[in-house]
Amino acid sequence: MRLGPLTLQSNLFLSPLAGYTNLPFRLAVREVGGLDLATTDLVNARSLLENNPKALKLIQTCPADRPLAVQLFGSVPEEMRDAALRLESIGIASVDINMGCPVRKVCRVGGGSAMMMELDRTAQLVKTMVDALKIPVTAKMRLGWDDDNITAPDLARALEDAGASAIFVHGRTREQGFGGAVNLAGIRAVVGAVKNIPVIGNGDVTTPEAARQMFDQTGCAGVSIGRGAFYNPWIFLHTRHYLETGELLPEPGFDQRVRVMCRHLDLMIEIFGEELGCRMFRKVAPWYAKRFGPANEFNKRVVLVCSRAEFHEVLQNYRRWRAQFLDSNGELKPRFQPQPMVASFMQEPAVAHRDHIPVPKGPVEVW
Ligand SMILES: Cc1cc2nc3c(=O)[nH]c(=O)nc-3n(C[C@H](O)[C@H](O)[C@H](O)COP(=O)(O)O)c2cc1C
């Protein structure tokens with residue numbers, strides 16, 4: 001898989017998830033395997049140029065976290081170019097431009113999904129960046145503003161002409177938010193619109209089969225996975241295995257999940273310090289717990305932890321409580337096992353009830 005001059009070992013990507021895809025999470029997923037290019041949370045180009053400490057923290061990386069793309073947002077071409085040049089100078093492999101963020105704060109200043117409505121201006125911005133950089137410039141967009149304004153195919157073509165190296169497309173409109181099913185035909189239209197550059201499909205991929213279906217039905221060159229990696233940090237490894245061999249590996253068991261969760265917490269503490277790392281982990285741990293079976297006892301307590309010792313105490317108490325749901329082999333009794341994950345675009349239209357992937361709460365509610 002190539003993004004312009006950059007050769008990658010995998011066509012599976014980690015999507016940017018503001019508030020989550022920080023260095024500890026990326027390292028935890030990379031250690032599990034199957035991932036090559038990961039992307040940071042979105043970073044305000046101007047804040048980066050102003051050395052804002054929060055922006056600098058967002059681009060924090062280390063040799064084990066390579067190759068890394070940084071996602072920038074902003075609408076002033078010179079600022080975007082200068083921020084990207086700075087990223088290039090510190091060894092960042094690729095720069096992605098956020099064109100899909102529906103958050104008002106981002107759209108108000110002409111960034112995020114507002115860019116999808118202004119093709120010429122956006123193409124000019126990309127050209128300004130491409131002309132100055134050696135590393136690839138990519139763009140991440142939604143299908144369009146709403147169903148009446150599906151701009152992604154035209155925008156993708158215009159950005160290819162401006163020199164973009166790849167297009168990442170979440171198969172929903174801005175108006176859709178995270179509701180409804182991902183529109184694979186919409187992604188296919190973007191694939192059909194570009195001449196040479198790869199299009200990477202995105203949205204609701206939580207299983208290897210869903211990734212396979214996205215490849216098959218859209219013709220995309222790669223698949224990018226966001227929330228699916230929360231549930232299942234093995235998704236990259238298992239999807240690669242499935243794509244290469246057709247064999248579905250079993251879902252990791254409770255002990256394996258707990259091992260990765262604890263490693264993730266250790267990395268959070270290493271990188272953010274014990275107090276902040278534990279506080280930040282309060283919203284992360286319940287994502288692991290979604291595949292633990294009954295977990296309310298864990299979720300209730302983990303949102304209060306302030307230290308590693310407290311976390312391990314919560315975990316130990318939870319193990320004892322969880323024992324009531326296990327059979328004599330130590331496996332969850334069938335009625336307590338979590339439901340299999342099914343992507344929105346793989347469900348039968350006749351199914352009345354769709355289980356949407358939850359969208360995390362907090363400042364990211366508006367995504
Ligand atoms: C909590 C959260 C934060 C997100 N942050 C970003 C972001 O910083 N930049 C971006 O382009 N997309 C962002 N997205 C969108 C995701 O990258 C992705 O397009 C979307 O979640 C659909 O993919 P998924 O179903 O695999 O999660 C965010 C989504 C969520 C749920």
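Keep in mind that the numbers below use all heavy atoms, side chains included, and drop hydrogens, waters and symmetry copies. Order of listing sets the numbers, starting from 1, for every ligand and every atom in it.
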Check: Any idea which atoms of ligand 1 are less than 4.0 Å away from a heavy-atom of Asp204?
Finding: 24 (P), 25 (O), 26 (O)
Next item on the list: For atom 17 (O) of ligand 1, state which one of Pro16, Ser224, Ser344 supplies the nearest heavy atom.
Entry: Pro16
Notebook entry, point to check: If you measure from atom 23 (O) of ligand 1 to every heavy atom of Val182, Val223, Thr206, Asn202, which option wins on shortest distance?
Noted result: Asn202
Margin query: Any carboxylate oxygen within less than 4.0 angstrom of a Lys/Arg side-chain nitrogen, looking at Asp266 and Arg308?
Written below: yes
Item checked: 4.0 Å heavy-atom contact, Gly19 with ligand 1 -> no
Check: So Asp96 and Thr39, side-chain hydrogen bond (donor to acceptor under 3.5 Å, both in side chains) or not? Walk me through it.
Finding: CA-CA 8 Å; Asp96 186 49; Thr39 306; 5.5 Å; no
Margin query: With heavy-atom distances below 4.0 Å as the criterion, list the atoms of ligand 1 near Lys140.
Written below: 10 (C), 11 (O), 12 (N), 15 (C), 16 (C), 17 (O), 18 (C), 19 (O)
Item checked: Ring-ring centroid check Phe230 Phe25, cutoff 6.0 Å -> yes
Item checked: Flag side-chain contact, heavy atom, 4.5 Å: Arg212 against Tyr242 -> yes
Notebook entry, point to check: atom 26 (O) of ligand 1: which of Gly228, Gly226, Ala18, Ala343 has the nearest heavy atom?
Noted result: Gly226
Check: Is the closest side-chain heavy-atom distance between Glu175 and Asp147 below 4.5 Å?
Finding: no
Item checked: Contacting atoms of ligand 1, where contact means under 4.0 angstrom from a heavy atom of Arg227 -> 21 (O), 24 (P), 25 (O), 26 (O), 27 (O), 31 (C)
Margin query: Please confirm whether the ring centroid of His312 lies under 6.0 Å from the ring centroid of Tyr318.
Written below: no
Next item on the list: Could you check if a side-chain atom of Trp321 sits within less than 4.5 angstrom of a side-chain atom of Pro294, using non-hydrogen atoms only?
Entry: yes
Checklist line | N/O separation below 3.5 Å, Asn98 to ligand 1 | finding: yes
Notebook entry, point to check: Going by the atom numbers of ligand 1, which of them fall below 4.0 Å from some non-hydrogen atom of Ser15?
Noted result: 17 (O)
Next item on the list: Give yes or no for whether the N/O distance cutoff of 3.5 Å, strictly under, is met between Gln71 and ligand 1.
Entry: yes
Check: For ligand 1, is there an atom lying under 4.0 Å from some heavy atom of Phe178?
Finding: yes
Next item on the list: Check whether Ile200 and Ile135 end up in the same hydrophobic cluster, where Ile, Leu, Val, Met, Phe, Trp and Tyr are linked by side-chain heavy atoms less than 4.5 Å apart.
Entry: no
